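Comments concern the structure below.
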Amino acid sequence: MPELPEVETIARKLRPELVGKSIIKADLLWSRTLATPTSTKFKRQIAGQEIKAVGRRAKYVHIQLSEYHLFVHLRMSGDLYIKKGKTAPGKHDRLILDLTPSPSPFRRGETTRLVFNDTRKFGRVWLVRDPEEVIGGLGPEPLSDEFTTAVLYENLQSRHRQLKPLLLDQAFLAGMGNIYTDEALHMARLHPLAASDSVNREQAQALWEAIREVLKEGIRRSGASIDWVYRGGEFQNYFRVYDRKDQPCPVCGTAIKRLVIGQRGTHVCPNCQRIRS
DNA sequence: CACGAGACCTGTTCGC
DNA sequence: TGCGAACAGGTCTCGT
């Protein structure tokens with residue numbers, strides 16, 4: 001489910017609810033959800049921590065605590081949300097953090113919880129002192145100032161990889177997923193199988209612009225919501241190629257094709273996106 | 001180094 | 001209607 005825009009949307013929504021509250025206790029309902037440390041250590045270390053900030057790096061939700069950093073990766077089906085009031089855990093809840101009650105005089109003493117729900121159990125949570133332990137190997141943040149056309153061009157030249165798998169590689173660029181990669185390549189009129197070192201300066205410029213534009217549009221529309229996973233986004237109504245097999249390309253009207261590249265469904269306009277040219 | 005296949009999981013949709 | 005196959009927003013690890 002969640003790529004950069006969806007994770008950004010979730011982090012923005014959680015921030016005002018979480019900052020300033022403290023964690024009372026943790027309830028781990030699926031042990032493999034915890035990547036590090038051990039369950040015992042995790043529960044001991046997180047209890048009493050105050051939430052200082054909530055942000056995002058790549059596809060990780062980053063929750064800064066008084067002495068630790070909590071990272072959550074939603075992978076394919078994860079979601080993070082606030083649940084108020086005492087209720088039984090949901091079917092796919094994997095981790096529940098009890099928070100100090102809201103100070104509001106109208107809802108005095110009401111239980112507030114941060115719930116990590118994850119149907120497919122691929123999601124992971126880390127509690128560390130040093131953030132580098134989790135996010136140290138990531139490539140540039142695509143919407144940051146360090147990510148320039150020149151950086152993209154040089155990095156593309158320095159390897160010989162198919163464009164799509166390279167853009168999905170989080171060590172190359174952090175935050176792109178299957179949807180936004182297909183959309184960006186289409187916008188830049190580049191074929192997903194084109195070799196990275198075959199891309200010229202103009203094409204790198206177009207790709208840089210497309211990546212930023214597509215991600216910003218995704219954020220503006222609060223992400224994309226397909227089927228039962230993740231709700232609230234609107235970007236699915238504006239896909240140009242993703243999930244649009246056999247439907248017309250919005251640019252030229254040619255039927256969109258679906259390929260499989262690196263075991264991922266990949267959508268292209270066979271007319272707009274050609275390997276040579 | 002680049003790339004493909006298999007794992008990890010559950011749920012929904014598709015094809016016969 | 002039933003039932004197995006294919007597929008899903010991600011990433012890791014192994015073998016070639």
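Quantities reported herein were computed from a predicted structural model and do not represent experimental measurements.
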Grab the CG-C1' distance between A/D227 and C/dG9 for me, whole Å please. 9 Å
Can the positive tip of A/R159 be found less than 6.0 Å from the middle of the six-membered ring of A/F172, inside 45° of the ring normal? no
What residues, two or more places apart in sequence or in another chain, satisfy side-chain contact (heavy atoms from CB on, under 4.5 Å) together with A/R57? A/I135, A/L138, A/E141, A/A174
Rounding to a whole Å, what distance do you find between A/I179:CD1 and C/dA8:P? 11 Å
Nearest-Å distance once atom P is located in both B/dG6 and C/dC7: 14 Å
Secondary structure string for DNA chain C (Watson-Crick or G-U under 3.5 angstrom, | for other-strand pairs): .|||||||.|||||||
Answer yes or no: is there an ion pair linking A/K83 with A/D93, defined by an N-O contact shorter than 4.0 Å? yes
May I have the distance from A/L166 (atom CG) to B/dA2 (atom P), rounded to whole angstrom? 8 Å
Within this structure, what is the CD-to-C1' distance between A/E6 and C/dG10, rounded to whole angstrom? 13 Å
Judged by atom type as modelled, is there a donor-acceptor pair below 3.5 Å linking the side chain of A/R124 to the main-chain atoms of A/R32? yes
Expressed in angstrom and rounded to an integer, what is the separation of A/K164 atom NZ from B/dC3 atom P? 14 Å
Compare side-chain N and O positions of A/R159 against OP1 and OP2 of B/dA2 and report whether any pair is under 4.0 Å apart. yes
Applying a 4.0 Å non-hydrogen cut-off, can you work out what A/Y242 is touching in the nucleic acid: base, sugar-phosphate, or nothing? sugar-phosphate
In whole Å, what is the span from the CD atom of A/Q263 to the C1' atom of C/dG9? 16 Å
Nucleotide nearest A/V229 (side chain, heavy atoms from C-beta), chosen from C/dC7, C/dG9, B/dG4: C/dG9
Under 3.5 Å, is there a donor-acceptor pair between the side chain of A/T254 and the main chain of A/C249? no
Rounded C1' spacing from B/dC8 to C/dC3 in Å: 24 Å
Roughly how many Å is it from CG in A/D182 to P in C/dG10, rounded to a whole number? 10 Å
Side chains of A/T266 and A/K164: is there a donor and an acceptor less than 3.5 Å apart? yes
Side-chain N or O of A/Q170 versus OP1/OP2 of C/dG10: is the shortest distance under 4.0 Å? no
Testing the basics here: between A/A26 and A/F42, what is the closest heavy-atom pair and its distance to 0.1 Å? CB-CE2, 3.7 Å
With rounding to the closest Å, how many angstrom separate the C1' atoms on B/dT12 and C/dT11? 22 Å
Write down the distance separating the P atoms in B/dC9 and C/dG4, rounded off to the nearest Å. 22 Å
Distance alone, cut at 3.5 Å: any donor-acceptor contact between the side chains of A/Y60 and A/Q170? no
Short side-chain N/O contact from A/R264 to OP1 or OP2 of B/dA5, under 4.0 Å: no
For A/H92 and A/N117, test the side chains for any donor-to-acceptor distance below 3.5 angstrom and give the result as yes or no. no
Taking the C1' atom in each of C/dT1 and B/dT10, what is the distance between them to the nearest angstrom? 23 Å
Every protein N/O within reach of nucleotides 9-11 of chain B N/O, cut-off under 3.5 Å:
residue: B/dC9; atom: OP1; partner: A/R32; partner atom: NH1; Å: 2.6
residue: B/dC9; atom: O4'; partner: A/R120; partner atom: O; Å: 3.4
residue: B/dC9; atom: O2; partner: A/R120; partner atom: NE; Å: 2.7
residue: B/dC9; atom: N3; partner: A/R120; partner atom: NH2; Å: 3.1
residue: B/dT10; atom: OP1; partner: A/K121; partner atom: NZ; Å: 2.8
residue: B/dG11; atom: OP1; partner: A/K91; partner atom: NZ; Å: 3.2
residue: B/dG11; atom: OP1; partner: A/H92; partner atom: NE2; Å: 3.0

Starting from C1' on C/dG10, measure out to CG on A/D79 and report it in whole angstrom. 15 Å
Contact between A/L99 and A/L18 at the side-chain level, heavy atoms closer than 4.5 Å - yes or no? yes
Phosphate-side-chain proximity, A/K59 and C/dG9, N/O vs OP1/OP2 below 4.0 Å: no
So, does A/R75 get its side chain near the phosphate of C/dG9, meaning an N or O under 4.0 Å from OP1 or OP2? no
